[in-house]
Trainee: 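Got a structure for you, written out below as structure tokens; questions coming shortly.
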Protein chains: 2
Amino acid sequence: MVRLSKLTDYASVILAQMARQPDVLWSAGQLSEDSSVPKPTCIKLLKLLVKGGVLNSTQGARGGYSLARPPSQIPVKTIIEAIEGPTAITECGTDETLCRLTDHCSVMSRWRELGDQVDHILTKTTLEDLISPHTLYARSDRRIETLEVH
Amino acid sequence: MVRLSKLTDYASVILAQMARQPDVLWSAGQLSEDSSVPKPTCIKLLKLLVKGGVLNSTQGARGGYSLARPPSQIPVKTIIEAIEGPTAITECGTDETLCRLTDHCSVMSRWRELGDQVDHILTKTTLEDLISPHTLYARSDRRIETLEVH
DNA sequence: TTGATATAGGACCTATTCAGTCCTATATAA
DNA sequence: TTATATAGGACTGAATAGGTCCTATATCAA
């Protein structure tokens, strides 16, 4: 149901480190060393995060990576999607037979609504929250309030 | 991030059908036919749902399956876990090296809190909601209110 | 008692996805 | 020009998901 892939786990640790010193230009080697993530894997993650708009990169000698935005403006949803790709709660459309069932599509719209609620949480929570020493629940501005109908 | 496996998708369609006529004893063959889910797979799902406490089964000729509880008392979380097994947001413990990092465990507790919020939604939403023709948002008793700190 | 009809439980195979590695190209600074 | 970075891709092995099949057991009816 809700599971972080190992790579997202790694990425969040790497990003947490970067977020604590947002002005440093980090090299892949440095990040790999500090985070214990094997260098090839670390490099792969950094590339994905650049592609996903989470990081900026500077090429060449003395180059490296830095956060593209302040931690408070990086939703965890963005991080997850950068690593795992865009993910809907159901693909729907793969199985034509099922989709013709009366039940199927109505049940699926409920699932999709559930997915929206989860999305809402993941969008509201940011990298800043991840590195905070305080529980999410303690922050009134981060509590999940009644959802609005759009 | 949040994705229904195909099998959970199938299971929800099957359960939706059963929920609309809760007093019928359904045979696997009947359910397979009505839901377009291939019989072997359908049977597998039904077994998992029995094991997970969602369904009751009656063996022998004229046997079959029925809901173990009223739809309003079957959280979707129970359904998901019956099919996909218990799933935590991170395994944690698989990678000893990462776990020794100062950052890692604090970041992971935030992820875990996020997981708890999602859990909360999945526990509050039931099979009854899934088969409802009305959007989840329209039901005030199903809206996600401020979470409590335990 | 026997046969037909169900579920129970497990083994098993295959396809897809995930994790991880490696190679070559390109950009930059000294 | 060389050393040091990232960029982009191909590739491999492992893990998981999806799907099938076989044998055992329980129940009902003739």
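Predicted model, so just to flag it, every value in this text is computed and none were measured. Each chain gets a letter, A, B and so on, in the order the sequences are listed, and its residues count up from 1.
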Trainee: Which atoms form the tightest heavy-atom contact between I121(A) and Q117(B), and what is the distance?
Mentor: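 For I121(A) and Q117(B), the tightest heavy-atom pair comes out as CG2-OE1, 3.3 Å.
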Trainee: Check the hydrophobic clustering (I, L, V, M, F, W, Y; side-chain heavy atoms under 4.5 Å; chains of links allowed) and say if L45(B) and I43(B) are grouped together.
Mentor: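 No, separate clusters.
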Trainee: Check whether any side-chain N or O of T78(A) sits under 3.5 Å from a backbone N or O of I74(A) as a donor-acceptor pair, and report yes or no.
Mentor: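 The answer is no, because no donor-acceptor pair under 3.5 Å joins these two groups.
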Trainee: Rounded to whole Å, please give me the gap between NZ in K39(A) and P in dT21(C).
Mentor: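 About 13 Å, once rounded to whole Å.
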Trainee: Atom CD1 of I83(B) to atom P of dG19(D): distance rounded to whole Å?
Mentor: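 To the nearest whole Å, that distance equals 12 Å.
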Trainee: Measure CZ/R62(A) against C1'/dA3(D) and give the value in whole Å, please.
Mentor: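 So the two atoms are 12 Å apart, to the nearest Å.
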Trainee: Just jot down the salt bridge (Lys or Arg N to Asp or Glu O under 4.0 Å) partners of R20(B), sequence neighbours excluded, or say none.
Mentor: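 Applying salt bridge (Lys or Arg N to Asp or Glu O under 4.0 Å) to R20(B) gives D103(A).
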Trainee: Considering just the side-chain nitrogens and oxygens of T58(A), establish if one lies under 4.0 Å of OP1 or OP2 belonging to dA5(D).
Mentor: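 T58(A) to dA5(D) OP1/OP2: no side-chain N or O under 4.0 Å.
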Trainee: Quickly work out the L46(B) CG to dG19(D) P distance and round it to whole Å.
Mentor: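 Taking atom P of dG19(D) as the reference, CG of L46(B) is at 15 Å.
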Trainee: May I ask you to decide whether R110(B) forms a salt bridge with D129(A), counting only side-chain N to carboxylate O separations under 4.0 Å?
Mentor: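 Not counted as a salt bridge, because no side-chain N and carboxylate O are separated by less than 4.0 Å.
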Trainee: Any donor-acceptor pair under 3.5 Å linking the side-chain atoms of T8(B) with those of S5(B)?
Mentor: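 A donor-acceptor contact under 3.5 Å links the two side chains.
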Trainee: State, to 0.1 Å, how close S12(B) and D9(B) come at their nearest heavy-atom pair, and which atoms those are.
Mentor: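 Distance-wise, the nearest heavy atoms are OG-O, 2.7 Å.
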Trainee: Send over the distance from L31(A) CG to dT4(D) P, rounded to a whole Å.
Mentor: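 For the pair L31(A) CG and dT4(D) P, the rounded distance is 18 Å.
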Trainee: What's G29(A) touching, base or sugar-phosphate or nothing? Going by heavy atoms closer than 4.0 Å.
Mentor: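 It contacts nothing in the nucleic acid.
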Trainee: Rounded to the Å, how far apart are L25(B) CG and dA6(C) C1'?
Mentor: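 Rounded to the whole Å, the gap is 10 Å.
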Trainee: L49(B) has an atom CG; how far is it from atom P of dT7(C), in whole Å?
Mentor: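 In whole Å, dT7(C) P and L49(B) CG are 13 Å from each other.
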Trainee: Given dT7(C), dT21(C), dA5(D), which nucleotide is nearest the side-chain atoms of P40(A)?
Mentor: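 For the P40(A) side chain, the nearest candidate turns out to be dT21(C).
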Trainee: Would you indicate whether the side-chain heavy atoms of I14(B) and D34(B) approach each other to under 4.5 Å?
Mentor: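 No, their side chains stay 4.5 Å or more apart.
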Trainee: Between protein and nucleic acid, restricted to nucleotides 12-19 of chain C and to nitrogen or oxygen atoms under 3.5 Å apart, what atom pairs and distances do you find?
Mentor:
| residue | atom | partner | partner atom | Å |
| --- | --- | --- | --- | --- |
| dA19(C) | OP1 | K6(A) | N | 2.9 |

Trainee: Which atom pairs link the protein and nucleotides 23-27 of chain C when you take only N or O atoms and keep those under 3.5 Å?
Mentor:
| residue | atom | partner | partner atom | Å |
| --- | --- | --- | --- | --- |
| dA27(C) | O4' | Q59(A) | OE1 | 2.5 |

Trainee: Measure from CG on L48(B) to P on dG19(D) and round the result to the nearest Å.
Mentor: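 These atoms are roughly 13 Å apart.
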